[in-house]
There are 2 protein chains.
Amino acid sequence: MADSPESQSFCCPDHSGHAPAQAILAQAESRVKSHGLRLTPVRRRTLEILLQAHGALGAYDVLEQLAADGFGAQPPVAYRALNFLVENGLAHRIRRLNAFTACAHPGHDHRAAFLICETCESVTEAPSDAVGAALGVAAQDMGFALSRATIEAVGQCRDCIARETADQRTIA
Amino acid sequence: MADSPESQSFCCPDHSGHAPAQAILAQAESRVKSHGLRLTPVRRRTLEILLQAHGALGAYDVLEQLAADGFGAQPPVAYRALNFLVENGLAHRIRRLNAFTACAHPGHDHRAAFLICETCESVTEAPSDAVGAALGVAAQDMGFALSRATIEAVGQCRDCIARETADQRTIA
DNA sequence: TATCTTATGTTATATCATAACAGTCAAGGC
DNA sequence: GCCTTGACTGTTATGATATAACATAAGATA
């Protein structure tokens with residue numbers, strides 16, 4: 001199960017594998033090109049940085065790494081690249097954390113929900129079609145035309161639950 | 001329908017009535033007391049300010065009004081009162097807007113979803129039990145223990161849809 | 001009243017984000 | 001090729017949001 005494609009495709013970048021960075025970068029490249037846009041060096045490097053990150057990264061964290069790589073060291077450099085990635089479905093903005101994370105499966109359009117672990121700060125992208133549908137119904141009931149949504153859950157991830165359980169056994 | 005208790009209880013503060021401010025303030029008072037806490041003047045006034053607001057208010061907007069009323073004029077004054085209200089279920093934080101809004105029905109615990117109108121900037125609290133349930137299922141599938149969630153939808157509210165439709169008729 | 005606790009006020013600073021403009025580079029027309 | 005054009009990057013400057021830390025005041029309790 002830990003290695004099945006299903007569990008891979010929604011795992012956070014450093015909770016062992018989702019599709020390897022290379023594959024995602026290639027997908028990103030073609031996706032961007034098909035929209036008549038360019039995955040320039042800063043943008044590509046920004047996506048790489050997000051893909052290598054453990055959890056979500058703040059814009060200034062990204063900026064620091066970009067600067068170390070010889071790109072511009074001013075905030076707009078990071079924000080522009082990050083916004084580009086978000087607008088093109090290659091990354092997501094996590095509002096609760098004022099942070100950004102690489103999209104785990106950029107191949108297709110989708111609405112995503114995020115599971116934010118309070119213990120290890122990991123951010124996991126979860127399938128949210130059902131959630132989106134429920135939200136659509138609620139909106140419709142209010143006469144509200146929904147265009148997009150932010151869905152962010154806070155709690156504890158599987159790994160941290162397991163670790164805590166193990167710790168308790170050790171103590172007892 | 002426009003006057004039914006149901007439609008009232010989920011309307012935004014200035015899209016005509018939800019329960020009047022007085023009633024909500026009274027509810028707030030008793031709710032807070034039952035938790036062994038106090039609805040102090042700043043906190044009470046902060047809640048009033050939110051209740052009178054058209055949409056959600058930024059902390060600095062609230063601060064400005066508090067200062068005008070003779071309360072402290074420094075950010076922590078507003079943030080403390082706002083955080084108190086949020087922690088006690090009397091207000092909600094709208095992360096997408098970096099803003100706060102009074103809870104439309106503080107009488108009972110509930111998970112809320114917010115509908116943010118891009119046209120008039122109103123924020124409406126929608127019942128979200130179904131959305132929460134769907135999110136719970138998605139989380140469970142990932143082995144994630146959900147503790148709370150942010151659900152914020154962006155789109156266009158009923159009033160603005162109606163207004164736009166009317167405008168188009170006028171033009172045509 | 002003395003004491004303890006909670007809340008408020010203030011100073012200072014951290015963190016997140018964007019406007020505006022200048023310089024650079026790539027792609028397509030000539 | 002080379003020039004124009006539009007997209008991209010870099011920089012300066014500033015704005016907006018949020019909190020840490022500590023001093024003072026106000027309520028509760030003994």
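Reminder, nothing fancy here: chain letters follow the sequence lines and each chain counts from 1. Only heavy atoms go into these numbers, but all of them, side chains included; no hydrogens, no water, no symmetry mates.
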**Student:** Which residue lies toward the 5' end of DNA chain C, B:P75 or B:G70, if each is placed at its nearest nucleotide?
**Tutor:** B:G70

**Student:** Let me know the distance between CZ of B:R44 and P of C:dT8, rounded to the nearest Å.
**Tutor:** 14 Å

**Student:** Determine whether A:L135 and B:I161 fall in the same hydrophobic cluster, where Ile, Leu, Val, Met, Phe, Trp and Tyr are linked whenever their side-chain heavy atoms lie under 4.5 Å apart.
**Tutor:** no

**Student:** Go through it in stages, so that I can follow the logic: the residues are A:T150 and A:E152, the test is side-chain contact (heavy atoms from CB on, under 4.5 Å), and I'd like the CA-CA distance, side-chain angles, deciding distance and then a yes or no.
**Tutor:** CA-CA 6 Å; A:T150 300; A:E152 295 172 2; 3.4 Å; yes

**Student:** Calculate the interatomic distance between B:D61 atom CG and D:dT17 atom P; express it in whole Å.
**Tutor:**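 After rounding, the reported distance stands at 8 Å.
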
**Student:** Check the distance between D:dT9's C1' and A:R45's CZ and give it to me in whole angstrom.
**Tutor:** 17 Å

**Student:** Atom CZ of A:R95 and atom C1' of C:dC16: how far apart are they, to the nearest Å?
**Tutor:**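 Interatomic distance, CZ of A:R95 to C1' of C:dC16: 12 Å.
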
**Student:** Counting only heavy atoms and a strict 4.0 angstrom limit, can you tell me which residues of residues 76-91 of chain B come near DNA chain C?
**Tutor:**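 The answer is B:P76, B:V77, B:R80.
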
**Student:** So, is A:R43 near the phosphate of D:dT9, with a side-chain N or O under 4.0 Å from OP1 or OP2?
**Tutor:** yes

**Student:** Quick check on the hydrophobic clustering: are A:V131 and B:V137 connected, directly or via other members, by side-chain heavy-atom contacts under 4.5 Å?
**Tutor:** no

**Student:** Among B:L82, B:L90, B:D61, find the residue that satisfies the side chain to side chain contact (heavy atoms under 4.5 Å, CB included) test when tested with B:L50.
**Tutor:** B:L82

**Student:** Calculate the interatomic distance between A:L63 atom CG and D:dT12 atom P; express it in whole Å.
**Tutor:** 13 Å

**Student:** Please walk me through it: do A:T124 and B:F144 pass side-chain contact (heavy atoms from CB on, under 4.5 Å)?
**Tutor:** CA-CA 10 Å; A:T124 307; B:F144 186 93; 5.8 Å; no

**Student:** Select one nucleotide: of C:dA17, D:dT17, D:dG10, the one nearest the side-chain heavy atoms of B:N98.
**Tutor:** D:dT17

**Student:** Please report whether the ring centroid of A:H92 lies less than 6.0 Å from that of A:F114.
**Tutor:**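 Ring-ring flag for A:F114/A:H92: true, centres closer than 6.0 Å.
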
**Student:** Where the side chain of B:V42 is concerned, which of C:dA17, C:dT8, C:dT6 is the nearest nucleotide?
**Tutor:** C:dT8

**Student:** Consider the side chain of B:Y60, meaning its heavy atoms from C-beta on, and name the nucleotide among D:dT17, C:dT11, D:dC8 that approaches it most closely.
**Tutor:**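 So the side chain of B:Y60 is nearest to D:dT17.
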
**Student:** Indicate whether OP1 or OP2 belonging to C:dC16 is found under 4.0 Å from a side-chain N or O atom of A:R93.
**Tutor:** no

**Student:** Using atom CG of B:L97 as one end and atom P of C:dC16 as the other, report the distance to the nearest whole Å.
**Tutor:** 19 Å

**Student:** For the residue pair A:R43 and A:F84, would you count it as a cation-pi contact if the rule is NZ or CZ under 6.0 angstrom from the ring centre and within 45 degrees of the ring axis?
**Tutor:**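 Output yes; distance and angle both within limits.
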
**Student:** Between C:dA7 atom P and B:L39 atom CG, what is the distance in whole Å?
**Tutor:**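 About 11 Å, once rounded to whole Å.
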
**Student:** Does a side-chain N or O of B:T40 approach OP1 or OP2 of C:dT8 to a distance below 4.0 Å, or not?
**Tutor:**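 So the side chain of B:T40 is within the cut-off, an N or O lying under 4.0 Å from OP1 or OP2 of C:dT8.
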
**Student:** Round to a whole Å and report the spacing from CG of A:L66 to C1' of D:dT11.
**Tutor:** 15 Å

